[in-house]
J.: 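Please see the structure below; I have some questions.
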Amino acid sequence: MLNQNLEAMAKLLYDYWFVQFDFPNEEGKLYKSSGGKMVWNEKLKRNIPVGWHCGNLFEIAVFTNGLACQKFRPKDDEVPLPVIKIREMHDGISVDTEEVTSNIPESVKVYNGDVLFSWSASLEVMLWAYGLGGLNQHIFKVTSANDFPKSFYYFQLLDYVDVFKKMAEARKTTMGHITQDHLQQSTIAIPDNKDIADRFEKLISPIFEQIEKLQEEISNLTKQRDELLPLLMTGQVSVNSDLVFLYYIRALNQRSMKENVIRAIVAAMQRDLDCRQIAQLKAVLIKELQDVEITESSGDSAKRKEETEDLLSAFISAKKIEGCSIKTLIYYRNTIERLLDIVDVAIHHITTSDIRQYLSMYQEQHKSSKVTIDNMRRIFSSFFAWLEDEDYIAKSPVRRIHKVKTDSLVKEVLSDEQLELLRDNCTNKRDLAIIEILASTGIRVGELVKLNRTDIDFHERQCIVFGKGNKERVVYFNARTKLHLQQYLNERTDINPALFVSLSAPHNRLTIGGVEVRIRKMGRRLDIPKVHPHKFRRTLATMAIDKGMPIEQVQRLLGHVRIDTTLHYAIVNQNNVKIAHKKFLS
């Protein structure tokens, strides 16, 4: 509410100065109200102060378009930046935000305090306050032209977008998107001497700084709320005066320092003593320390956190040497950091019970699937096994946490009729070519959007794709796919090397999200349930096995490292099982 009040106050001041023209004159009086001279402007169809003229937004601001982020994915040795898309403009940066390399041009990097303008979909103008990132192509970063200050072009653009929306509503049409041509045709009142804009900037900049600060705090509080709310609803925590100091979930895992010390001593002696001696040692420690109180000093706490960070960084470095991608490394680090942040004790004090409790709590809080929880268990197992191998701990606490049993569900595939429906209802040659190449090659959608024209060998009816971990493989397509690909490429007039691009200018490379949305919409329109790119891949694997292709060849075709993964994709036709039973066992 405070943030909204500040924005409203800033906008009110802007309206007084630059809409009603009641800015302070040389005598400190309101210009228009005190009789300041006004002249009629034909373009604006209104009176404006003497010494002002009609211009457009390009006179006061520079609009820098973002990147087609698919071209700038971070390599293993590059530092990643989060991609700021329209979703991030609303919700801020999260763990599942896409990434680009930090080696992108400085002009498309976004810093706190930058003005962002989403020119499609939501059509919004905002002050960014969520950290460093790379700009998506559907957003403009707005900077100063002719030394006009930020507050002036921010509110002028805000007014322009508001007028654009109202005009669209009046015409009862969708808002569409704002192009550079639209911005060029804008008409705004601009002072010939920008001194008045500079004075307004001096007045308004403290409000802008406070708005940015509050936006950052709101983002942090929102994350804390999302962590706390499920626990409140299940009664695991209650609202009381101690809540702030307990920091929500950490209260569930607090143990006395004395217990931690006993566990650390017992763990350190496990390799030198047998089970009976370990039990005797633990009993003696409990008895002798019964009346002893042990507390952790602030210096010890800081040292512990520093040691924990060093161990985590060393583990991530080890995984990087093993060949894990940057995306995988970030997933590992984020997953382990969340555990260490909640179970707020030294690493060698973490027990099996702690990890079980954390996994159970996480599943309840986030409504996570069993697959997600098992992935987290595997990451913890890898981390603590590495600590054990490197002699940082005596024994991994994850050893006794077994694989999470996941539901074995028969996943649907596309029938021949459904595939023909999708083909027949494509409204352009590009979508038909996408359907054909997905159906005949079974490639992943991430592999599809990386394809270039030069990757296609029409003579051999094959193409080179780069799968997970940048592994290169050859896939093959049929004659029908060749025909539709050639027809699509022959009608293209752009010079983009990408195989699949957007239908409208500037014909950018399609993104994973773009392909998924397009195919999902086609499925909904035809009332075909759950149509997505991966369903074509599963359909191909099932069809290949159904027609007798050896599973090893299907594995190579799909680019799987383990044959178990291939078996998960393929659904064996029950009729074939019946025929095989009669042939071999009856």
Side-chain angles (χ1 to χ4, degrees), residues 70 85-87 96 98 120-122 138 174 176-177 367 369 371-372 407-451 463 465 467-468 475 477-478 480-485 487-489 491 498-504 507-547 554 557-559 565-566 568-574:
Q70 190 67 33
K85 297 178 290 186
I86 293 175
R87 183 187 69 176
D96 60 344
E98 289 185 36
S120 67
S122 56
H138 292 285
T174 56
H177 57 271
K367 308 300 179 187
S369 67
V371 174
T372 299
D407 298 331
S408 181
L409 301 175
V410 177
K411 296 183 178 179
E412 297 176 353
V413 297
L414 293 164
S415 66
D416 292 340
E417 292 82 0
Q418 289 173 334
L419 282 172
E420 286 304 320
L421 269 175
L422 289 168
R423 291 185 180 106
D424 291 344
N425 284 272
C426 287
T427 56
N428 57 75
K429 289 185 172 62
R430 184 203 64 182
D431 289 353
L432 181 56
I434 290 175
I435 294 293
E436 293 293 358
I437 200 167
L438 285 173
S440 65
T441 64
I443 59 177
R444 302 176 179 95
V445 64
E447 296 166 344
L448 175 85
V449 297
K450 290 179 184 176
L451 282 173
C463 59
V465 298
K468 291 183 177 179
V475 296
F477 51 86
N478 55 29
R480 181 178 3 197
T481 303
K482 173 183 175 180
L483 175 66
H484 291 303
L485 268 176
Q487 289 176 349
Y488 162 60
L489 292 175
E491 76 169 9
L499 181 61
F500 294 109
V501 297
S502 59
L503 297 175
S504 56
H507 302 294
N508 294 317
R509 182 186 293 269
L510 282 184
T511 63
I512 292 174
V515 175
E516 289 176 338
V517 169
R518 191 76 175 176
I519 289 178
R520 194 180 300 119
K521 284 182 178 179
M522 290 172 63
R524 287 174 181 168
R525 191 170 66 245
L526 298 171
D527 203 24
I528 302 175
K530 298 178 183 178
V531 180
H532 50 82
H534 221 69
K535 201 167 188 177
F536 291 88
R537 183 171 170 83
R538 191 181 303 122
T539 300
L540 179 81
T542 301
M543 184 172 61
I545 290 178
D546 192 29
K547 293 188 176 181
V554 179
L557 186 68
L558 297 179
T565 310
T566 311
H568 284 308
Y569 274 75
I571 302 170
V572 179
N573 190 311
Q574 192 62 35

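Side-chain atoms are counted along with the backbone in the values below, which use heavy atoms only and exclude waters and symmetry mates.
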J.: Could you go through L448 and L499, starting from their C-alpha distance and side-chain angles, then the distance that decides it, and tell me whether this counts as side-chain contact (heavy atoms from CB on, under 4.5 Å)?
T.: CA-CA 9 Å; L448 175 85; L499 181 61; 5.7 Å; no
J.: For R423, enumerate each residue passing the side-chain hydrogen bond (donor to acceptor under 3.5 Å, both in side chains) test, keeping only those at least two apart in sequence or located in another chain.
T.: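 Listed in chain order: E420, E436.
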J.: Mind listing the closest non-hydrogen atom pair of I512 and G446 along with its distance?
T.: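 That would be CD1-CA, 3.9 Å.
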J.: For the pair H484 (side chain) and L432 (backbone), establish whether a donor and an acceptor sit closer than 3.5 Å, ignoring hydrogens and angles.
T.: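 Checked: no pair found.
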J.: Would the distance check show the side chain of T441 and the main-chain N or O of V475 forming a donor-acceptor pair, the cut-off being under 3.5 Å?
T.: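 Answer holds: no.
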J.: Do any N or O atoms from the side chain of R509 and from the backbone of L451 form a donor-acceptor pair under 3.5 angstrom?
T.: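 Yes, R509 side chain to L451 backbone: donor-acceptor pair under 3.5 Å.
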J.: Do the side chains of L421 and E417 get nearer than 4.5 Å, heavy atoms only?
T.: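 Side chain of E417 against side chain of L421, heavy atoms only: no contact under 4.5 Å found.
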J.: Indicate yes or no: at least one non-hydrogen side-chain atom of L510 is less than 4.5 angstrom from one of V501.
T.: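 In short, these two side chains do not touch, never coming nearer than 4.5 Å.
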J.: Taking the side chain as every heavy atom from C-beta outward, state whether L422 and M522 have any atom pair closer than 4.5 Å.
T.: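 Yes; the side chains approach each other to less than 4.5 Å.
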J.: With rounding to the nearest 0.5 Å, note down the distance linking NZ in K535 to CG in L419.
T.: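 One finds 10.0 Å between NZ of K535 and CG of L419.
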J.: Test L438 against I519 for side-chain contact (heavy atoms from CB on, under 4.5 Å), laying out the working first.
T.: CA-CA 11 Å; L438 285 173; I519 289 178; 3.5 Å; yes
J.: Which atom pair, heavy atoms only, marks the closest approach of C463 to F477?
T.: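 That closest heavy-atom pairing would be N-CE2, 4.2 Å.
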J.: Minimum heavy-atom separation for V515 to P533, with atom names?
T.: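 What the structure gives for the nearest pair is CG1-CG, 4.3 Å.
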J.: Identify the two heavy atoms, one from R518 and one from T427, that lie closest to each other, and give their separation to 0.1 Å.
T.: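 It is NH2-OG1, 3.8 Å.
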J.: So do the side chains of K429 and E491 get within less than 4.5 Å of each other, counting heavy atoms only?
T.: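 Heavy-atom side-chain distance check passes, below 4.5 Å.
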J.: For the side chain of R444 and the backbone of H534, is there at least one donor-acceptor N/O pair under 3.5 Å apart?
T.: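 Judged by distance alone, no pair lies under 3.5 Å.
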J.: Taking the side chain as every heavy atom from C-beta outward, state whether P529 and Q418 have any pair of such atoms under 4.5 Å apart.
T.: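 Side chain of P529 against side chain of Q418, heavy atoms only: contact under 4.5 Å found.
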J.: Using every non-hydrogen atom in the two residues, find where V554 and A544 come nearest and quote the distance to one decimal.
T.: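 Taking V554 first and A544 second, the nearest heavy atoms are CG2-CB, 3.9 Å.
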J.: Kindly indicate whether the side chain of F500, heavy atoms from C-beta on, has any atom under 4.5 Å from the side chain of I434.
T.: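 Of all side-chain heavy-atom pairs linking I434 with F500, at least one is under 4.5 Å.
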J.: Which atom names give the shortest non-hydrogen contact between N478 and S440, and what distance separates them?
T.: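 That closest heavy-atom pairing would be ND2-CB, 3.6 Å.
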J.: I want to check something: taking the side chain as every heavy atom from C-beta on, are V445 and E516 in contact at a cut-off of under 4.5 Å?
T.: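 Side-chain contact under 4.5 Å: yes.
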J.: Are T539 and T542 linked by a side-chain donor-acceptor pair shorter than 3.5 Å?
T.: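 No, because no side-chain N or O of T539 sits under 3.5 Å from a partner of the opposite role on T542.
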J.: Would you say R538's side chain and L414's backbone share a donor-acceptor pair under 3.5 angstrom?
T.: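 No, because the side chain of R538 does not come within donor-acceptor range (under 3.5 Å) of the backbone of L414.
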J.: Answer yes or no: is there a side-chain heavy-atom contact under 4.5 Å between I435 and F536?
T.: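 In short, these two side chains touch, coming nearer than 4.5 Å.
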J.: What do you reckon, is CG of D424 surrounded by more than 12 foreign heavy atoms closer than 6.0 Å?
T.: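 Result for CG/D424: enclosed.
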